[in-house]
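Notes to accompany the following structure.
Nothing fancy with the numbering, it's 1 onward along the sequence. These numbers were taken from a predicted model, which means no experiment stands behind them. Counting starts at 1 for both ligands and their atoms, in listed order.
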Amino acid sequence: MSEQNLLNMSDLVSLCKRRGFIFQSSEIYGGLGSCWDYGPLGIELKNNIKNSWWRSMTYREDVEGVDASILMHPTTWKASGHIDNFSDPLVDCKACKSRFRADQIDLKAACPNCAEKDSFTEPREFNLMFQTFMGPVQDSASVVYLRPETAQGIFVNFLNVQSTMRKKLPFGIAQIGKAFRNEITPGNFIFRTREFEQMEMQYFVKPGTQKESMESWKEIRYNWHLNNGLRAEKLRFHPHGEGELAHYADAALDIEYEFPIGWGEMEGIHSRTDFDLKQHQEFSGKNLHYVDQLDGNNKYLPYVIETSVGCDRSLLAILCDAYRLENKGQEDERVVMKFKPSLAPIKVAVLPLVKKEKLDTPAKKLLADLQQDYKCEYDVAGSIGKRYRRQDEIGTPFCITFDFDSLEDNAVTIRDRDSMKQERISLDKVKEYLKQKI
Ligand code: ATP
C-alpha cells in the first residue's frame, strides 16, 4: 500500500468544504476576507479539541477555569501595553495599493503583487486591535476594543479566583474564548485569521520558581499535542532569542508544527514575570498582592507562566496530520482522515446493507442506542463501498454494517477505518467494543 501526506493546503480546503468541516464566511455574498465558518463536522472536531484541552488543563487540583467577557474596560488595554505596543509595521505599495507587513517582505525589492519597483511607502505602526463603541454615542469616551487575547480577562480576575476558590500558589486560571486581531496579512486558510479562538492558561508562581514551572509546562503542553495524535517528527520547540522576546517576557518558546506551508507556531509558552499584575495594580489602583501564608504572610505579586494555543491552529494541524492519500492513481485509491478516535467528529456510522425496512428498523434501534454515547451517522444511500469511502474521508473510525445475517445471528460487522479489517461482533457486545477503542 502507498501512502501520501497532505502536500497542498488547497486539497484540505476543498475536502473541508465538500464534507462540511469549514465554509467561507458569508459565502453567498462573495465571502469575507479571512473569516471562516465551522460546519457540522468542523464544530464537532473543534468541540472535541476544546474538551481535550479543558480536561487536561482544568481537571487538576491547581487550575480553575473562567469565561471572561470579550469587551473589557478600555484601561485594561492601556495597562497591558496593547494600546501603545500591539502593532505591526505596515507599508503600502503606491502603485497597486496592496498592504504588507514590513517585516515580512524585502523593502528594496519590487512589489510582490504588481512588480512595481521602489513603490513602498515608509513603514508605519498599525495597531491590530479592533475598535468599536459602547452605547449609542460615538465619542472617544465610549471606545472599547474587541480583546486581542484572552489572557487579560484572566489577569483582572486573579484575586477573584484566588480568594473565592481559596487557592495557594502555585495555581493557574484557564480560559477558552474568541480573540480578534486586525492582521495585515491574514491567510493560509485558518492559520491566520482576524477572528479566532484561543485556549490560554496563566499559572501564578512564587517569584524565583518560574524557570522550573516553565520546564514542567513545556513538557505537559508538548505531550498534549502528541496525545492528539500529531506525529512527533512534525513537532518542535522554537525558543525565542533576546531580540524576539515580547516586552513582558523574560523567557519564551513556541511549539511549532510542520504545516504544508512550512513550520509555524501553534502555541506560545511565555514567562511573563509580574508585568501584567504590576501594570493592572498601577492602572486600577487596586492592591493585587498575594499573601503567602506559607511564607510568614509575606506579600508579593506572583510571577506568571502562560501557555497560549490557538484552537483553530491546533485544529488545522490536526486536519493536516490526519490527511492521508492511499494508493494514489489506483483503483482502490482513498483519502482517509486518520483522526485519533476520541477527536473524530463522527465516531460511528451505522450502515444497513440495503435500503429495506426489514434491516432499517433494527439498524435504527442500534443507532438510537449508540447515539446516547456517541455522535453517529446513519447512511443508506449508495453502494456500501461508496459509503465506506465517504466515512473514510470524514475520519469516522468505525462503520457498522447491518445485513440479513444480523437478523439471524444478532451480530453486526464492524469495519476499522485504518486497517479496513472487518470483525463480526455480537450486538450486545458492540457498546463494550466501541468503549474500549474510543
Ligand atoms: P504570530 O507570530 O503567528 O502572529 P503570536 O506570537 O502573535 O502569533 P500569540 O500572541 O502568542 O501569537 O498567540 C498565541 C496563539 O494564538 C498562537 O500560537 C496562535 O496559535 C494563535 N493565534 C495568534 N494569532 C492568530 C491569528 N491571527 N489567527 C489564528 N490564530 C492565531
Side-chain angles (χ1 to χ4, degrees), residues 9 22 25 32-38 42 46 49-50 53 57 77 80-82 85-90 100-104 125-130 145-155 174-202 214 217-218 221-222 224-225 228 230 235-241 243-249 251-259 261-272 275-276 304-320:
M9 202 65 108
I22 300 172
S25 159
L32 178 66
S34 91
C35 293
W36 300 90
D37 295 345
Y38 287 86
K46 200 178 196 195
I49 293 170
K50 287 197 221 173
W53 186 87
M57 297 300 279
W77 308 111
S80 67
H82 282 83
N85 297 316
F86 195 58
S87 55
D88 279 334
L90 168 80
F100 303 95
R101 254 171 73 174
D103 56 336
Q104 287 180 344
E125 287 303 316
F126 175 78
N127 195 293
L128 301 183
M129 280 199 294
F130 279 98
Y145 301 91
L146 301 187
R147 65 180 176 199
E149 62 176 28
T150 58
Q152 300 305 324
I154 290 178
F155 288 121
Q175 169 166 228
I176 299 178
K178 289 255 178 170
F180 302 83
R181 297 182 186 178
N182 198 2
E183 299 276 3
I184 297 170
T185 45
N188 289 317
F189 198 23
I190 54 170
F191 182 83
R192 187 180 303 284
T193 52
R194 294 190 170 115
E195 172 180 344
F196 54 98
E197 252 178 308
Q198 290 185 313
M199 306 189 284
E200 294 197 302
M201 194 259 334
Q202 321 296 133
M214 180 134 170
W217 282 108
K218 181 181 152 184
R221 295 305 309 146
Y222 182 85
W224 182 78
H225 293 286
N228 284 341
L230 298 186
L235 284 171
R236 73 177 185 196
F237 289 114
H238 166 76
H240 287 206
E244 271 178 288
L245 282 181
H247 60 280
Y248 52 73
L253 59 87
D254 297 335
I255 299 177
E256 296 187 334
Y257 178 78
E258 192 179 19
F259 294 94
I261 47 169
W263 289 95
E265 169 182 340
M266 223 180 357
E267 169 152 8
I269 301 175
H270 311 119
S271 175
R272 293 180 78 124
F275 175 84
D276 304 86
V304 171
I305 301 299
E306 164 182 81
T307 71
S308 172
V309 58
C311 180
D312 314 80
R313 272 213 203 151
S314 162
L315 184 143
L316 181 62
I318 287 167
L319 284 169
C320 292

Only one of M57, M201, E200, H225 passes side chain to side chain contact (heavy atoms under 4.5 Å, CB included) with V309; say which it is.
H225

Regarding Q104 and T185, do their side chains bring together a donor and an acceptor under 3.5 Å, going by distance alone?
yes

Please write down residue, atom name and distance for the protein heavy atom closest to atom 28 (N) of ligand 1.
T193 N, 3.0 Å

Any heavy-atom pair between the side chains of C311 and K50 that's under 4.5 Å?
yes

Taking distance alone, with no angle check, do G310 and ligand 1 share an N/O pair under 3.5 Å?
yes

What atoms of ligand 1 come within less than 4.0 Å of a heavy atom belonging to Q198?
13 (O), 14 (C), 16 (O)

Shortest heavy-atom approach to atom 15 (C) of ligand 1 - which of S308, A246, G268
S308

Whether H270 lies under 4.0 Å from ligand 1, heavy atom
yes

of all protein heavy atoms, closest to atom 19 (C) of ligand 1 is R313 NH1, 3.5 Å

Selected option - heavy-atom contact closest to atom 22 (N) of ligand 1, from Y257, F196, F180
F196

May I ask you to establish whether R147 and F180 are in a cation-pi arrangement, using a distance under 6.0 Å from NZ or CZ to the six-membered ring centre and at most 45° from the ring axis?
no

With heavy atoms of F191 as the reference, note each atom of ligand 1 found under 4.0 Å away.
28 (N), 29 (C), 30 (N)

In ligand 1, the atoms that come under 4.0 Å of a heavy atom of E183 are 24 (N), 26 (C), 27 (N)

Taking the side chain as everything from C-beta on, heavy atoms only, tell me whether L316 gets closer than 4.5 Å to M9.
yes

Side-chain contact, heavy-atom cut-off 4.5 Å: H238 with E265?
no

Give me the residue, atom name and distance of the protein heavy atom closest to atom 20 (O) of ligand 1.
M266 O, 2.8 Å

Minimum side-chain heavy-atom gap E306-Q202 below 4.5 Å
yes

Please check: side-chain N/O of W36 versus main-chain N/O of I22, any donor-acceptor pairing under 3.5 Å?
no

Distance filter under 4.0 Å to E267 heavy atoms, resulting ligand 1 atoms
18 (O)

Closest to atom 4 (O) of ligand 1 (heavy atoms only, candidates E200, R192, E149) is R192

In this structure, atom 18 (O) of ligand 1 is nearest to the protein heavy atom E265 OE2, 2.7 Å

Heavy-atom distance under 4.5 Å between the side chains of F259 and N188, does that happen here?
no

For atom 10 (O) of ligand 1, the protein heavy atom that lies nearest, with its residue and separation:
R181 NH2, 2.9 Å

